[in-house]
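Here is the structure we will look at, set down as structure tokens.
Naming convention: chains lettered A, B, ... in sequence-line order (proteins, then strands); numbering from 1 in each chain.
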Amino acid sequence: MTQSQKLTVKPYRGTRDFYPEHMYLRNHMFNIMRSVAELYGYEEYDGPMLENFDLYAAKSGEELVKEQLYHFVDRGNRHVAIRPEMTPTVARMVAARIGELPRPIRWFSFPNLWRYEKPQRGRLREHWQFNIDILGSDSVSADQEIIEVAIKIMLKLGADKKDFCIHISDRRILMYFLESVLKLDPSLSAPVCRVIDKRAKISAEDFNRMLIDIGLSNGQIDEIDSYLNLTGKNLSDHPVSQSEGYAELNKLLEGLANNGMDSMCKVDMSIVRGLDYYTGTVFEMYDLSPENRRALFGGGRYDNLVGLFSKERVSGVGLGMGDVTVADFLQTHNLLPKLNPAASVHVALFDENSRLSTSHLANILRSAGIRTSMQIESARLGKQFKWANSKQIPVVVLQGPDEKAQGTVLIKEMASHNQRVVKEADLVSAIHQLLNLDV
RNA sequence: GUGGGUGUAGCUCAGUCGGUUAGAGCGCCUGACUGUGGAUCAGGAGGUCGAGGGUUCAAUUCCCUUCACUCACCCCA
């Protein structure tokens with residue numbers, strides 16, 4: 001092979017390699033999410049990365065299927081898709097056992113998802129997403145629980161209460177507003193929703209012009225303005241307080257306040273969300289740092305996705321949290337975890353003659369539960385210490401001929417440069433002591 | 001899909017108004033130091049200057065195309 005024929009080392013466009021330091025961060029985030037989910041009694045599941053193409057053709061947005069879905073025909077002539085989202089898989093799995101699963105169903109997962117995007121900040125072709133759902137309950141308490149889990153995760157990741165805010169709305173209030181207050185032609189509601197969704201990002205002039213372009217009157221635009229300015233306080237005076245969604249939203253806020261979560265939440269009528277299948281509560285979490293003002297993740301209540309597969313109606317509420325956006329949040333707020341050394345102790349190898357006894361020493365440490373790496377290639381001791389230093393391993397153990405003859409071992413603490421000689425029998429306790437001091 | 005910016009060593013970047021053999025810092029390897037790492041010193045490896053084509057006596061430099069990265073849109077969570 002000539003130079004020009006060498007394969008590229010770059011990962012496929014829009015995907016990432018997770019080197020150990022990246023994997024460490026991903027595991028850090030996911031371990032915290034997992035522990036909070038389990039604390040609330042949720043169970044972990046997973047599904048295949050490949051699904052029947054029809055699963056997405058049925059319900060996911062047209063854009064998603066036409067432009068962004070990875071799909072192919074397999075050797076058995078089946079039309080197969082790589083999952084772009086997890087919700088259809090959850091719905092399918094729940095439907096398959098609809099008769100036997102005790103409800104509510106509390107599940108979570110960490111799927112990798114694929115979309116044929118043009119890669120850009122915060123959007124890649126493959127990303128991992130923490131998905132958590134509660135299915136089989138219509139109660140707003142389920143909505144509350146999902147939001148609580150999200151908040152607990154943020155706090156456990158190290159976020160301050162002032163670092164983030166969950167913006168909450170309810171699709172039913174929005175629908176009531178559009179139909180009964182604004183008396184909008186149903187064909188206009190989708191484009192109007194899209195403009196409302198965008199309002200935070202665009203100027204008031206652009207906002208008004210877009211609504212005029214759609215065909216709204218100035219009076220209607222004023223109505224929309226005052227609707228979007230509603231908060232929890234003045235909501236009760238507005239005509240939408242007649243809607244079913246209003247009562248539900250109130251209950252949700254009451255529940256959150258009861259558990260001390262209300263300071264991290266606020267009513268925001270401009271929250272719409274793109275997916276068609278949301279029917280009730282919708283929410284998005286925002287980073288409050290000026291450097292990273294954007295939605296971190298979102299979710300909401302979707303009624304009857306399970307109905308695609310089953311006669312039975314099962315509603316659910318859930319959220320998806322992407323690894324990319326959460327990592328951005330941690331970085332913005334200086335919350336990235338310190339990389340843990342791969343081993344606590346490195347056992348140096350004096351020379352080839354001491355290989356067997358050195359290997360035995362290393363195994364004594366491992367039996368005691370101490371993470372221990374051992375020198376493989378014999379090399380100059382300076383090189384071995386240098387290696388341990390570059391891997392930030394805090395302790396190096398060495399048994400040369402002198403120590404061997406006396407039944408002792410040399411222990412060196414790298415940070416302080418201190419070293420001492422202990423009896424072989426005291427090795428484990430001496431290491432334990434050192435490592436505890438370190439922490 | 002649309003528009004802007006950027007591609008030079010593993011990384012961060014200089015440089016070339018077109019002209020011998022393309023540089024620095026950091027990192028890596030070797031040695032000074034055959035029982036000890038963060039310092040110092042010396043040396044070394046590593047580049048078809050993103051790729052292809054064009055203009056020219058001569059292209060890393062100018063032109064075209066293409067690919068990749070990146071930002072903003074579009075779209076979407």
[N] to [M] separation - [atom1] atoms, rounded to the nearest Å:
N: B/G4; M: B/A45; atom1: P; result: 43 Å
N: B/G50; M: B/C11; atom1: P; result: 13 Å
N: B/C13; M: B/A22; atom1: C1'; result: 14 Å
N: B/G27; M: B/C64; atom1: C1'; result: 38 Å
N: B/A39; M: B/C49; atom1: C1'; result: 35 Å
N: B/C41; M: B/C26; atom1: P; result: 9 Å
N: B/G18; M: B/U55; atom1: C1'; result: 12 Å
N: B/C29; M: B/G46; atom1: C1'; result: 10 Å

Can you tell me the pairing partner of [N] across any strand shown, Watson-Crick or G-U wobble, with both distances under 3.5 angstrom?
N: B/C28; answer: B/G44
N: B/C73; answer: B/G1
N: B/G18; answer: none
N: B/U34; answer: none
N: B/G7; answer: B/C67

Are any side-chain N or O atoms of A/Arg171 and backbone N or O atoms of A/Tyr278, one a donor and one an acceptor, separated by less than 3.5 Å?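 Checked: pair present.
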
Side chain A/Arg34, main chain A/Phe110, donor-acceptor under 3.5 Å: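 No; zero donor-acceptor contacts below 3.5 Å.
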
Check: A/Glu38/A/Ser35 side-chain N/O donor and acceptor closer than 3.5 Å: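 Judged by distance alone, the side chains do not pair up.
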
Donor + acceptor pair across side chains of A/Asp133, A/Tyr302 (<3.5 Å):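 Short answer, yes.
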
In whole angstrom, give the distance that lies between atom [atom1] of [X] and atom [atom2] of [N].
X: A/Lys118; N: B/C75; atom1: NZ; atom2: P; value: 15 Å
X: A/Phe385; N: B/C33; atom1: CZ; atom2: P; value: 19 Å
X: A/Gln406; N: B/G35; atom1: CD; atom2: C1'; value: 14 Å
X: A/Leu410; N: B/G35; atom1: CG; atom2: C1'; value: 9 Å
X: A/Asn353; N: B/U34; atom1: CG; atom2: P; value: 19 Å
X: A/Tyr12; N: B/C67; atom1: OH; atom2: C1'; value: 14 Å
X: A/Met414; N: B/A39; atom1: CE; atom2: P; value: 13 Å
X: A/Lys391; N: B/C28; atom1: NZ; atom2: P; value: 12 Å

Report yes or no: is there a donor-acceptor pair, N or O only, under 3.5 Å between the side chain of A/Gln419 and the base of B/U36?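 Looking at the base of B/U36, it does pair with a donor or acceptor on the side chain of A/Gln419 (distance under 3.5 Å).
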
I want to know whether A/Phe283 and A/His167 have ring centres closer than 6.0 Å.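 Aromatic pair excluded; centres sit 6.0 Å or further apart.
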
Counting the atoms with a prime plus P, OP1 and OP2 as sugar-phosphate, which does [X] contact under 4.0 Å by heavy atoms, base, sugar-phosphate, or nothing?
X: A/Glu403; value: base
X: A/Glu117; value: nothing
X: A/Gly382; value: sugar-phosphate

Working note: A/Val397 + A/Leu410, criterion side-chain contact (heavy atoms from CB on, under 4.5 Å); need CA distance, chi angles, decisive distance, verdict. CA-CA 6 Å; A/Val397 161; A/Leu410 183 144; over 6 Å; no

Take A/Phe283 and A/Asp402, find for each the nucleotide of RNA chain B with the closest heavy atom, and name the residue whose nucleotide sits nearer the 5' end.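 Of the two residues, A/Asp402 wins.
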
Quick check: on RNA chain B, is the nucleotide nearest A/Ser390 upstream (toward 5') of the one nearest A/Leu398, or the reverse? Name the residue that is more 5'.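 Result of the comparison: A/Ser390.
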
Between A/Phe164 and A/Phe329, how do the two ring planes meet: parallel, tilted or perpendicular, split at 30° and 60°?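 Perpendicular.
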
Output the single nucleotide from [options] whose closest atom is nearest the side chain of [X].
X: A/Pro401; options: B/G35, B/C71, B/G37; answer: B/G35
X: A/Arg380; options: B/U36, B/C33, B/C29; answer: B/C33
X: A/Asn389; options: B/G35, B/G38, B/G3; answer: B/G38
X: A/Arg115; options: B/C76, B/U2, B/G38; answer: B/C76

Is any side-chain N or O of A/Lys383 closer than 4.0 Å to OP1 or OP2 of B/C29?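 So the side-chain polar atoms of A/Lys383 never come under 4.0 Å of the phosphate oxygens OP1 or OP2 of B/C29.
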
